Student: 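Got a structure for you, written out below as structure tokens; questions coming shortly.
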2 protein chains.
Amino acid sequence: MSDIDVDEEAAALLSTANHRYTTSRKRLVAALQAGEGPLTITQIVEAEKSLPQSTIYRNLTILEEANVVTRIVTNDDFARYELAEHLTEHHHHLICSDCGHVIDFALDAETEALLDKALHQAAEKSGFQVSAHQLDLIGTCASCS
Amino acid sequence: MSDIDVDEEAAALLSTANHRYTTSRKRLVAALQAGEGPLTITQIVEAEKSLPQSTIYRNLTILEEANVVTRIVTNDDFARYELAEHLTEHHHHLICSDCGHVIDFALDAETEALLDKALHQAAEKSGFQVSAHQLDLIGTCASCS
DNA sequence: ATAGTAGTGAGACTCAGTATCATTTTCTCA
DNA sequence: TGAGAAAATGATACTGAGTCTCACTACTAT
């Protein structure tokens, strides 16, 4: 998926929510696009030094409300943001329990379909309306082990 | 799995870590056992009014280090605790994105085995050592929809 | 008994995240 | 174009879940 698509889609989503696709918001989207996995606020603040913290927090919240971006929390208590799935590909996370680093990975389509079916069946039993699933692997990354 | 097993196991695990299985720790374990899913600290403080907050936090941390209990964080930013998997059964979570409530569910053994195999294969590609997986369904619970 | 170690609980403290508000930028439409 | 309206910015104050401290209490073993 090319940069232009993501930018266009982000602009459209924000516009629907009566928000503008300003320079700072573009920079946040670009930063998330550049990462190989979800980024913590700290990482974003580091990467975009000229953007003040309050602007970053505020805009990430707005981007999340507009469905441009997704907020995830792993067990290290730092919120992380990534581009929403419809702007990337469906994927999962490898979480290093040592350093907290998170990287993306994908399952093959067959396994994913099977999993999805099983999950919907399981959810129905509890009267639960599923909108998404989140699958994380906890372990030790290559550089920590 | 009966209460006595959990208590014995907890006592053994704590003892290995040079900790005692005191009354407050027993009460925490019992409270987690009684829940139908992971409990937030707030819920535990409510349920065990006579235990001060500092004791609850401290002991949950100790119980976690001793592998009696697992700490999980969902997207609502409240840490939740549940009994460690070897004291219960392997299971997953249904997370209500409206009210934040979390309940347990299990997949059938076949699907679980298949999933596990696919996950290990995927992790190997990234040089990742998997120790656990965590699968959450996000959606709307029966009482919120 | 008593010394040593672990646990307790009240309250102070930390810091990621949120709210406020005066100022600046951008859009709109006459 | 340009004036007013609406949204965005950024410095700073605030909030609250979670952590730390420390004087005190309760086990436990020799």
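Values below: every heavy atom of this structure, side chains too, minus hydrogens, waters and symmetry copies. The chains referred to below are lettered A, B, ... by the order of the sequence lines, with proteins before strands, and numbering in each begins at 1. Just so it is clear, the model here is predicted, and its values are computed rather than measured.
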Student: Is any side-chain N or O of T42(B) closer than 4.0 Å to OP1 or OP2 of dA17(D)?
Tutor: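 Result: no.
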Student: How many Å lie between CD1 on I41(B) and P on dA17(D), as a whole number?
Tutor: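 Nearest whole value for this atom pair: 11 Å.
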Student: Ring centres under 6.0 Å, that's the criterion: do H101(B) and H93(B) meet it?
Tutor: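 Not under 6.0 Å, so no.
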Student: Which ones in residues 58-84 of chain B lie close to DNA chain C, meaning a heavy atom under 4.0 Å from one of its atoms?
Tutor: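 Of all residues in residues 58-84 of chain B, the ones placing a heavy atom under 4.0 Å from DNA chain C are R58(B), N59(B).
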Student: E48(B) has an atom CD; how far is it from atom C1' of dT8(C), in whole Å?
Tutor: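 It is 16 Å, rounded to the nearest whole Å.
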Student: Aromatic ring centroids of H90(B) and H133(B) under 6.0 Å?
Tutor: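 Yes; H133(B) has its ring centre under 6.0 Å from that of H90(B).
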Student: Does the side chain of H19(B) get closer than 4.0 angstrom to OP1 or OP2 of dG7(C) through an N or O atom?
Tutor: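 Answer yes for this pair, as a side-chain N or O of H19(B) is under 4.0 Å from OP1 or OP2.
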Student: Please give, in whole Å, the distance from dA26(D) C1' to K26(B) NZ?
Tutor: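 Roughly 14 Å, once rounded to whole Å.
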Student: Can you tell me if R25(B) touches the phosphate of dG7(C), counting only side-chain N or O atoms and a distance under 4.0 Å to OP1 or OP2?
Tutor: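 For R25(B), the contact criterion (side-chain N or O under 4.0 Å from OP1 or OP2 of dG7(C)) is met.
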Student: Side-chain contact, heavy-atom cut-off 4.5 Å: V73(A) with F78(B)?
Tutor: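 No; the side chains remain at least 4.5 Å from each other.
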Student: Side-chain N or O of T55(B) less than 4.0 angstrom from OP1 or OP2 on dG9(C)?
Tutor: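 For dG9(C), OP1 or OP2 has a side-chain N or O of T55(B) closer than 4.0 Å.
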Student: What is the nucleic acid contact for T22(A), judged by heavy atoms within less than 4.0 Å: base, sugar-phosphate only, or nothing?
Tutor: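 Sugar-phosphate, no base atom in range.
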Student: Using whole Å, what does the distance between atom P of nucleotide dG18(D) and atom CD of Q43(B) come to?
Tutor: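 Distance check: Q43(B) CD to dG18(D) P gives 12 Å.
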Student: Verify the contact: side-chain N or O of Y57(A) to OP1 or OP2 of dG17(C), cut-off strictly under 4.0 Å; return yes or no.
Tutor: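 Yes.
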Student: If you compare all heavy atoms of T140(B) against all heavy atoms of S145(B), which two are closest, and at what distance to 0.1 Å?
Tutor: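 Nearest pair, atom of T140(B) first, then S145(B): CG2-CB, 3.8 Å.
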Student: Can you check the R27(A) CZ to dA8(D) P distance for me, whole Å?
Tutor: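 My rounded result for the distance is 17 Å.
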Student: Under a 3.5 Å threshold, yes or no: a donor from one side chain and an acceptor from the other, between H91(B) and E112(B)?
Tutor: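 H91(B) vs E112(B): no donor-acceptor pair found between side chains.
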Student: In dot-bracket notation, what is the pairing pattern of DNA chain C, taking Watson-Crick (N1-N3 plus N6-O4 or O6-N4) and G-U wobble (N1-O2 and O6-N3) contacts under 3.5 Å, with [ ] crossing and | for other strands?
Tutor: ||||||||||||||||||||||||||||||
Student: Could you give me the CA-CA distance, side-chain angles and deciding distance for R20(B) and S15(B), then say whether side chain to side chain donor-acceptor pair (under 3.5 Å) is met?
Tutor: CA-CA 6 Å; R20(B) 296 169 190 155; S15(B) 157; over 6 Å; no
Student: Rounded off to whole Å, could you give me the CG-to-P distance for the L51(A) and dA8(D) pair?
Tutor: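 Answer to the nearest Å: 15 Å.
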Student: Rounded to whole Å, please give me the gap between CZ in R20(B) and C1' in dT5(C).
Tutor: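 One finds 6 Å between C1' of dT5(C) and CZ of R20(B), rounded.
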Student: Using heavy-atom distances to pick each residue's nearest nucleotide on DNA chain D, tell me which of S50(A) and Q53(B) is more 5'.
Tutor: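 Checking each residue's closest nucleotide, the 5'-ward one belongs to S50(A).
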Student: Rounded to the nearest 0.5 Å, what separates atom OG1 in T70(B) from atom CD1 in I138(A)?
Tutor: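 One gets 10.5 Å once the value is rounded to the nearest 0.5 Å.
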Student: Would you kindly give the CG-to-C1' distance between L14(A) and dC27(C), to the nearest whole Å?
Tutor: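 Whole-Å distance recorded here is 15 Å.
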Student: Taking the side chain from S97(A) and the backbone from G139(A), do they hold a donor-acceptor pair closer than 3.5 Å?
Tutor: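 Checking the backbone N and O of G139(A) against the side chain of S97(A), a donor-acceptor pair under 3.5 Å is found.
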Student: Where is the tightest heavy-atom contact between H86(A) and N67(A), given as atom of each residue plus distance?
Tutor: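 Heavy-atom minimum between the residues: NE2-O, 2.9 Å.
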Student: Is there a donor and acceptor pair closer than 3.5 Å between the side chain of S54(A) and the base of dA11(D)?
Tutor: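 Result: at least one qualifying N/O pair found.
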Student: Is the shortest side-chain N to carboxylate O distance from E64(B) to R71(B) below 4.0 Å?
Tutor: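 No, no charged N to carboxylate O under 4.0 Å.
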